[in-house]
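Since we're looking at a predicted model, the values are computed, not measured.
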Amino acid sequence: MVFDTTAIIKKALTECTGTADIQLTDGGEHADLASTVAFGLAKQRKQAPVKIAQDIVATLKNNKDLADQGIAVEAKGPYINFVFGSAYVSAAVKAATQPGYGSFPKKDTRITLEHTSANPNGPLHVGHIRNSIIGDTLARAFRKAGYRLEVQYYVNDMGRQIAIVVWGFDHLEHTRHEGEKEDAYIARVYIEANREIENDPGITQQVDKLMQLVESGDPGTVKKFRTVVSRCLDGFAVTMKNLNVKHDRFVWESDFVRNGDTKRIIGKIEKLPQARHEENLLALDLAEFGFANKYVIRRSDGTSVYAARDLAFHTWKSVNFDRAIDVLGADHKLIGAQLQCTLKLLGEKAPEIVNFEFVSLPEGSMSTRAGKFVSADDLIAEVTKQAFEEVTTRRPELDEDTRRSIAESVALAGIRYDIVKISPEKSTVFDWKEALDFERQSGPYIQYAHARACSILEKAGTFAECYDLETGQEITLAKEIAKFPGVIEKVVAELRPHLLATYAHELADTFNSFYHYEPVLKSEGKVRDRRLTLVLAVQNTLKESLETLGIDAIRTM
RNA sequence: GGGCGAGUGGCUUAGUCCGGAUAGAGCGUUAGCCUCCUAAGCUAAUGGUCGGGGGUUCAAAUCCCCCCUCGCCCGCCA
């Protein structure tokens with residue numbers, strides 16, 4: 001592992017200024033790291049910042065730690081700039097050529113990460129897969145950071161939506177179209193059933209009855225719910241596989257009713273001072289924590305609501321894991337906060353929640369019920385078709401199977417990258433033009449840089465690894481490579497996977513520049529060796545980055 | 001009405017938590033680069049009152065206050 005330059009510099013600055021809290025900023029083109037302590041000390045020392053910076057630099061020039069690591073110090077006006085030397089660069093490149101670069105030692109912390117958890121009443125659409133891709137990328141980053149992780153899908157198998165689907169199967173004419181996916185078929189029944197309910201509100205009572213039956217464990221009704229949900233999940237599995245998204249466990253909501261956990265948690269909640277009863281109705285008054293509305297736990301007909309089952313689920317997580325992380329859409333912010341608050345009142349660990357904002361269509365919000373959505377399957381199919389055309393244009397000499405395979409990887413890269421590169425707190429409007437664009441700020445662009453590196457290495461044959469870099473382009477690239485482990489750490493610490501997307505793009509960019517300026521295969525001797533070593537380091541770092549993003553690091557395209 | 005999130009060139013966006021050097025990118029437009037390692041590429045040019053107004057600070061896209069616009073939420077739905 002590369003030594004921690006930040007810590008060394010902070011320590012040196014603390015020693016010579018007496019200031020404990022040292023902030024380092026990115027030096028941009030001036031330096032690798034920079035300090036602005038001189039500004040803050042100006043008033044205190046009654047001296048000009050420029051003078052202070054000069055004095056500090058004079059002291060730091062004699063610092064042994066900095067000298068040992070080859071970190072150069074220089075004052076530029078009031079700024080104190082640090083430039084990493086060849087020892088740092090060599091060590092970074094050497095580390096980056098190793099398999100698994102950027103991985104951290106195994107940790108004992110057991111984490112559960114829940115993502116997607118869409119209601120099984122229709123196919124996953126482009127909004128749901130934002131959840132899947134953020135979640136899956138985070139999961140990959142956590143594993144790379146050494147954590148023991150279990151990824152879960154919480155199956156909402158007893159909600160009103162499912163009851164409506166079950167009602168539809170019982171009362172409506174329906175046949176599955178030839179070759180139709182199960183989840184798409186379920187959506188048709190769901191949409192049709194909702195239309196019927198609009199025309200005849202009396203149906204609502206029949207749906208309520210179904211919900212009571214399933215809660216009480218009526219075998220026939222339970223079986224119907226299970227069947228419908230399972231069929232829909234079979235459809236989801238295909239979509240998830242195509243998106244390279246993996247879940248380790250599917251947790252069924254109804255299990256928490258059947259095993260008695262929900263009843264037990266309701267019993268505990270009843271004893272909380274915030275509990276409010278009105279006959280059978282049980283709700284929590286969380287006004288003291290800033291929640292204006294009452295948090296209903298049990299209906300007046302005695303059945304539990306989603307919140308109660310969710311509390312039981314999260315209590316189970318609290319018992320079995322050290323940390324729980326939930327990836328939830330913006331519409332779940334309030335109930336997520338209420339859940340956290342209630343779990344704390346119960347003395348359980350509250351989950352950490354990663355929120356993301358909505359994806360809408362140009363014509364407005366998506367709605368499964370109204371049939372207004374772009375399904376993930378359609379997106380994958382369209383993008384793959386486009387990718388196949390691109391591959392065929394660029395590489396007509398390849399056989400069809402190879403082109404097909406490359407197209408699938410490119411499509412996956414396009415979709416996953418497009419979604420993960422955007423900060424989760426930004427709401428977006430789905431745009432076909434952007435989804436089908438494979439240029440520059442895209443997943444395929446990064447794959448291309450990787451394939452290019454692979455191609456060079458393949459043509460090079462064997463070479464002696466050499467870590468003594470010289471030119472500015474070489475050193476810039478090496479320093480970019482060196483950032484990778486830090487990026488993984490930051491993604492995990494801040495739960496922000498888009499940082500990795502940004503990094504991978506910057507690395508690909510830096511490599512492309514290098515590629516056009518510094519000939520590798522045509523250089524000779526030591527120069528050729530060190531550039532090939534650098535290409536190997538880039539290739540490996542890009543590969544690790546892509547795989548952590550859930551994108552295939554294909555060797556040719 | 002209340003709560004949360006967002007507002008950065010024509011379009012999409014990074015940076016905002018933790019204030020510092022000329023606000024980074026991509027698309028678009030314009031002009032170059034394949035007898036040379038994959039042109040899904042590279043080099044330039046173009047384009048920015050960082051929603052608006054106050055304030056704090058040596059220094060504000062970033063912190064504080066007010067306002068505007070958009071999205072989401074505020075159910076005995078999930």
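Among the heavy atoms of the strands, none lies under 4.0 Å from A:Ile162. Among the heavy atoms of the strands lying under 4.0 Å from A:Asn81 is at least one base atom, whether or not backbone atoms are also near. Backbone-only contact: A:Ala330 has heavy atoms under 4.0 Å from sugar-phosphate atoms and none from a base. No engagement by A:Thr303 is indicated, since no non-hydrogen atom pair under 4.0 Å with the nucleic acid exists. Residue contacts for A:Arg369: at a heavy-atom cut-off of 4.0 Å it reaches no nucleic acid atom on any strand shown. At the heavy-atom level, A:Glu506 lies nowhere under 4.0 Å from the strands shown. Counting any heavy atom pair closer than 4.0 Å across all strands shown, A:Asp310 reaches no nucleic acid atom. A:Val296 comes within contact range of the sugar-phosphate backbone alone, with a heavy-atom separation under 4.0 Å but no base atom that close. In this structure, A:Ser423 reaches the sugar-phosphate backbone alone: every heavy-atom distance under 4.0 Å involves primed, P, OP1 or OP2 atoms, never a base. A:Gln447 comes within 4.0 angstrom of no nucleic acid atom, judged by non-hydrogen atoms across all strands. Here A:Met211 lies in heavy-atom contact (under 4.0 Å) with sugar-phosphate atoms only. As judged by a 4.0 angstrom heavy-atom cut-off over every strand, A:Val535 is placed among residues making no nucleic acid contact. When heavy atoms are screened at a 4.0 angstrom cut-off, A:Tyr448 is found touching base atoms of the nucleic acid.
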Side chain to side chain contact (heavy atoms under 4.5 Å, CB included) assessment of A:Ile9 paired with A:Phe82: CA-CA 8 Å; A:Ile9 292 170; A:Phe82 300 89; 3.5 Å; yes
Stepwise salt bridge (Lys or Arg N to Asp or Glu O under 4.0 Å) check, A:Glu465 with A:Arg530: CA-CA 7 Å; A:Glu465 290 194 13; A:Arg530 70 169 196 250; over 6 Å; no
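Distance, A:Leu500 CG to B:G15 P: 13 Å, rounded to whole Å. As rounded to whole Å, 11 Å separates atom C1' of B:C4 from atom CZ of A:Phe291. Remark: P of B:C58 and CD of A:Gln47 are 17 Å apart, rounded to the nearest angstrom. Atom OH of A:Tyr515 and atom P of B:U38 are 5 Å apart (whole Å). Atom CD of A:Glu458 and atom C1' of B:U38 are 12 Å apart (whole Å). When the P atom of B:G20 is taken as reference, atom CD1 of A:Ile52 falls 19 Å away, rounded to whole Å. What separates CD of A:Gln23 from P of B:A59 is a distance of 20 Å, to the nearest Å. The distance from atom CD of A:Glu434 to atom C1' of B:G28 is 12 Å, rounded to the nearest whole Å.
Side-chain atoms of A:Ser455 and A:Arg555 include no donor-acceptor pair closer than 3.5 Å. If you check the side chains of A:Ser304 and A:Arg299, you find no donor sitting under 3.5 Å from an acceptor. In the model, A:Thr262 has no side-chain atom that pairs as donor or acceptor with a side-chain atom of A:Arg309 under 3.5 Å.
When each of B:G5, B:U13, B:G41 is scored by its nearest atom to the side-chain atoms of A:Asn512, the top-ranked nucleotide is B:G41. Comparing atom distances between the A:Lys426 side chain and each of B:G7, B:C72, B:C17 picks out B:G7 as nearest. Among the nucleotides B:G5, B:C42, B:U8, the one closest to the side chain of A:Lys333 is B:G5. You'll find that the side chain of A:Ser455 is closest to B:U38, out of B:C76, B:G41, B:U38. Here the nucleotide nearest the side chain of A:Asn156, chosen from B:C72, B:A78, B:C17, is B:A78. Looking at the side chain of A:Ser300, the nearest of the listed nucleotides B:C76, B:A21, B:A78 is B:C76. Here B:U38 is the nucleotide among B:C42, B:G20, B:U38 with the atom lying nearest to any side-chain atom of A:Arg395. With B:A78, B:A21, B:C76 as the choices, the nucleotide that has an atom nearest any side-chain atom of A:Arg309 turns out to be B:A78. Of the candidates B:C72, B:C27, B:C58, the closest approach to any side-chain atom of A:Phe39 belongs to B:C58. Candidate nucleotides B:A39, B:A25, B:G15 were compared by shortest atom distance to the side chain of A:Gln441, and B:A25 ranks first.
Applying the 90° criterion around 0 to the glycosidic angle, B:C34 comes out syn.
For a distance-only test at 3.5 Å, the side chain of A:Asp26 fails to qualify as a donor-acceptor partner of the base of B:A21. Under 3.5 Å, the side chain of A:Ser427 and the base of B:G71 form no donor-acceptor pair of N or O atoms.
Residue A:His450 places none of its side-chain N or O atoms closer than 4.0 Å to OP1 or OP2 of B:G41.
A donor-acceptor distance shorter than 3.5 angstrom exists from the side chain of A:Tyr503 to the backbone of A:Glu480, with no hydrogens or angles considered.
With both ends at atom C1', the span from B:C50 to B:U16 equals 11 Å, rounded to whole Å.
In this structure, A:Met366 and A:Val374 approach most closely via the heavy-atom pair SD-N, 4.0 Å.
In this pair, A:His516 does not lay its aromatic ring on the base of B:G41; centres under 5.5 Å and planes under 30 degrees do not both hold.
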Strand RNA chain B as a dot-bracket string - pairs counted if Watson-Crick or G-U with both distances under 3.5 Å, | where the partner lies in another strand: (((((((..((((......[...))))((((((.......))))))....(((((..]....))))))))))))....
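More than 12 heavy atoms of other shown residues, nucleotides or ligands fall within 6.0 angstrom of atom CZ in A:Arg226.
Using cut-offs of 30° and 60° for the angle between ring planes, the A:His505 and A:Tyr445 rings count as tilted. Classified by interplanar angle (parallel below 30°, tilted 30° to 60°, perpendicular above 60°), the ring pair A:Tyr306/A:Tyr154 is tilted.
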